[in-house]
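Questions regarding the structure given below will be posed in turn.
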2 protein chains.
Amino acid sequence: MEGVSGNKYGGILRFSRDDPIIVAETGDSSSRKPRADAERNRLRLLDTAKAAFGEKGPSASLEEIAREAGVGIGTLYRHFPTRDALIEAVYRNETMQLADAAARLIETHPPVKALRQWLLLFVDYLGTKYGMAAVFGSVTGGTAALYAACNSGTPEAIALLTDRAVASGEIKLDMDPIDLLRAIAGVASAGPGWQDTARRLIDILIAGMRV
Amino acid sequence: MEGVSGNKYGGILRFSRDDPIIVAETGDSSSRKPRADAERNRLRLLDTAKAAFGEKGPSASLEEIAREAGVGIGTLYRHFPTRDALIEAVYRNETMQLADAAARLIETHPPVKALRQWLLLFVDYLGTKYGMAAVFGSVTGGTAALYAACNSGTPEAIALLTDRAVASGEIKLDMDPIDLLRAIAGVASAGPGWQDTARRLIDILIAGMRV
DNA sequence: ATATTAAGTGGAGGGCGTCTCCGGAAATAA
DNA sequence: TTATTTCCGGAGACGCCCTCCACTTAATAT
């Protein structure tokens with residue numbers, strides 16, 4: 001499992017180092033002000049990458065992304081040393097909305113209904129972002145990419161929802177709740193109409209978790 | 001649907017001796033006996049590819065497969081014009097065992113138990129064939145590969161099982177049963193220990209389908 | 001305004017993959 | 001054996017990943 005050295009994407013199976021991405025001006029006092037062109041290029045790359053992943057899935061060509069963004073391939077790699085880093089950066093913003101929605105649903109809905117509602121939102125979300133769905137089922141990206149894409153509050157969001165529902169005594173769940181998302185994303189590889197299937201699956205899952 | 005259409009060479013996708021499906025024998029009596037070395041190479045390729053997919057997933061290098069099989073890359077492409085064609089050929093035999101198991105379970109177990117038992121078998125199967133699990137969630141291969149890998153009786157097998165369970169009035173299911181497999185395969189992208197998760201998921205699914 | 005300097009740029013290049021093409025080898029039929 | 005047909009196999013064109021480093025340029029110091 002770990003020894004897969006023949007992988008053509010050298011960095012894919014490595015976990016990303018801690019967060020080079022968030023700018024977070026935590027007073028690193030000594031240094032000079034960051035260059036303006038660097039940040040500009042970073043944003044251009046993110047924009048282009050988002051579009052590319054959206055329409056070609058997570059294995060879109062990085063060279064092409066750089067070309068379309070009008071920067072050299074070296075610049076892309078400087079900003080995002082691995083494909084995972086780029087994917088993570090792209091979807092970080094995106095998935096934050098899901099996390100926010102979770103907080104809102106918790107305040108306005110009873111436990112199980114909130115959970116169900118959020119899962120439905122998750123399906124909608126996968127629907128609007130083809131690349132996103134692919135990331136979840138990705139083989140190329142594997143676990144690393146999955147975790148990366150999730151590290152924006154999604155695990156916490158669903159954990160919050162399921163914990164509350166469990167605490168209310170209405171459901172029981174003896175597995176990592178993120179696997180519910182994996183299961184849902186699993187049907188996203190089906191053809192058109194998968195969203196209906198996904199929604200039915202949600203109801204099955206919730207019914208199956210009820211005590 | 002459009003994916004596998006690269007079949008410009010006739011008859012390439014013919015399968016081995018006891019395959020009643022494709023052979024179809026439409027009186028091409030005019031031609032000579034197929035060459036022995038061709039069939040030999042085809043089998044060597046299948047063997048090697050099975051091993052390669054098993055340990056490196058469905059994106060294993062075709063060049064390496066050809067090299068290990070001791071044939072030229074051209075020969076590989078002659079027999080299997082696309083990666084999907086090779087994957088399909090490899091897993092056709094494999095999945096037939098699952099279909100057989102379904103028939104057996106139907107005769108020896110009550111409806112729901114048979115279904116559950118078969119799903120557990122499916123998990124075991126994914127476990128022994130890493131490549132197999134990857135195929136289900138594959139992006140590279142996409143839908144085409146998925147369908148290809150499934151076209152060996154797996155859809156029929158699970159349809160049989162679920163139909164029987166539904167007919168018995170014990171469960172209800174308003175979706176393509178193959179999506180149950182997709183959901184299960186979805187958690188296979190998780191890290192080590194995913195098999196336990198998958199088994200718990202099965203129980204949740206079955207509980208959720210109960211009327 | 002000019003010099004200084006370190007961060008940032010971009011593309012050439014090596015390695016590996018996919019896929020096509022076709023001259024030549026090999027097996028079958030006569 | 002010879003003729004005919006099928007099949008082999010690797011060279012070659014091209015794409016992608018990723019590294020490396022000579023050069024550029026924005027931010028500072030003078």
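Residue numbers begin at 1 in each chain, while the letters A, B, ... track the order of the sequences.
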Quiz item: Is a donor on one side and an acceptor on the other found under 3.5 Å between the side chain of Thr95(B) and the backbone of Tyr91(B)?
Solution: yes

Quiz item: Should Ile204(A) and Met175(B) count as side-chain neighbours, where that means a heavy-atom distance under 4.5 Å?
Solution: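 Yes, side chains in contact.
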
Quiz item: Over how many whole Å does the gap from Arg78(B) atom CZ to dG10(D) atom P extend?
Solution: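 Nearest whole value for this atom pair: 15 Å.
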
I'd like a table of atom pairs between the protein and nucleotides 27-30 of chain C - only N or O on both sides, under 3.5 Å - with the distance next to each one.
from, atom 1, to, atom 2, distance (Å)
dT28(C), OP1, Ala36(B), N, 3.4
dT28(C), O2, Arg32(B), NH1, 3.1
dA29(C), OP1, Lys33(B), N, 3.2

Quiz item: Rounded to the Å, how far apart are Leu76(B) CG and dT20(C) P?
Solution: 12 Å

Quiz item: Given side chains that start at C-beta, do those of Leu121(A) and Tyr125(A) come closer than 4.5 Å, heavy atoms only?
Solution: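 Not touching, per the 4.5 Å side-chain cut-off.
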
Self-check item: Whole-Å distance separating the CZ atom of Arg83(B) from the P atom of dT20(C)
Solution: 14 Å

Quiz item: Separation of Leu62(B) atom CG from dT20(C) atom C1', in whole Å?
Solution: 14 Å

Quiz item: How close or far is atom P of dC16(C) from atom CD1 of Ile65(B), stated in whole angstroms?
Solution: 17 Å

Practice problem: State the CG-CG distance between Asp196(B) and Leu201(B), to the nearest 0.5 angstrom. | Solution: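 Those atoms lie 12.5 Å apart.
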
Exercise. Classify the nucleic acid contact of Ile73(A) as base, sugar-phosphate or nothing, counting any heavy atom under 4.0 Å across all strands shown.
Key: base

Quiz item: Under 4.5 Å between any side-chain heavy atoms of Ile87(B) and Phe80(B), yes or no?
Solution: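 No, too far: nothing below the 4.5 Å cut-off.
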
Exercise. Could you tell me the separation between the CD atom of Glu64(B) and the C1' atom of dT18(C), rounded to a whole number of Å?
Key: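 It works out to 14 Å between those atoms.
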
Quiz prompt | dC7(D) phosphate, OP1 or OP2, under 4.0 Å from Asn41(B) side-chain N/O | solution =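 No, outside the criterion.
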
Quiz item: How many angstroms lie between CG in Leu160(B) and CH2 in Trp118(B), if you round to the nearest 0.5 Å?
Solution: 10.5 Å

Practice problem: Starting from C1' on dG17(C), measure out to CD on Glu68(B) and report it in whole angstrom. | Solution: 16 Å

Listing, residues 44-54 of chain B side-chain donor-acceptor contacts under 3.5 Å, not counting sequence neighbours, or none:
from, atom 1, to, atom 2, distance (Å)
Arg44(B), NE, Ala69(B), O, 2.8
Arg44(B), NH2, Ala69(B), O, 3.1
Thr48(B), OG1, Arg44(B), O, 2.7
Lys50(B), NZ, Glu94(B), OE2, 3.0

Quiz item: Looking at CG of Leu98(B) and CG of Asp124(B), how far apart are the two atoms once the value is rounded to the nearest 0.5 Å?
Solution: 10.0 Å

Self-check item: Ion pair check, Arg116(A) and Asp203(A), cut-off under 4.0 Å
Solution: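 Salt bridge present between Arg116(A) and Asp203(A).
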
Quiz prompt | Between the first and last five pairs of the helix from dA1(C)-dT30(D) to dA30(C)-dT1(D), the angle of the axes, rounded to 10 degrees | solution =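 Angle reported: 0°, given to the nearest ten degrees.
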
Quiz item: Closer than 4.0 Å, any side-chain N/O of His79(B) to the OP1 or OP2 of dC8(D)?
Solution: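 For dC8(D), OP1 or OP2 has a side-chain N or O of His79(B) closer than 4.0 Å.
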
Exercise. Select from Arg67(B) and Val71(A) the residue whose nearest nucleotide in DNA chain C is closer to the 5' end of that strand.
Key: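 Closest to the 5' end, via its nearest nucleotide, is Val71(A).
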
Exercise. For Ser61(A), answer base if it contacts any base atom (sugar-phosphate contacts may also be present), sugar-phosphate if it contacts only those atoms, and nothing otherwise; contact means non-hydrogen atoms under 4.0 Å.
Key: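 Sugar-phosphate contact only - Ser61(A) comes under 4.0 Å of backbone atoms but never of a base.
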
Quiz prompt | Protein-nucleotide distance (Glu63(A), atom CD; dG17(C), atom C1'), rounded to Å | solution = 13 Å

Quiz item: Between Thr75(A) and dG8(C), does any side-chain N or O lie under 4.0 Å from OP1 or OP2?
Solution: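 Result: no.
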
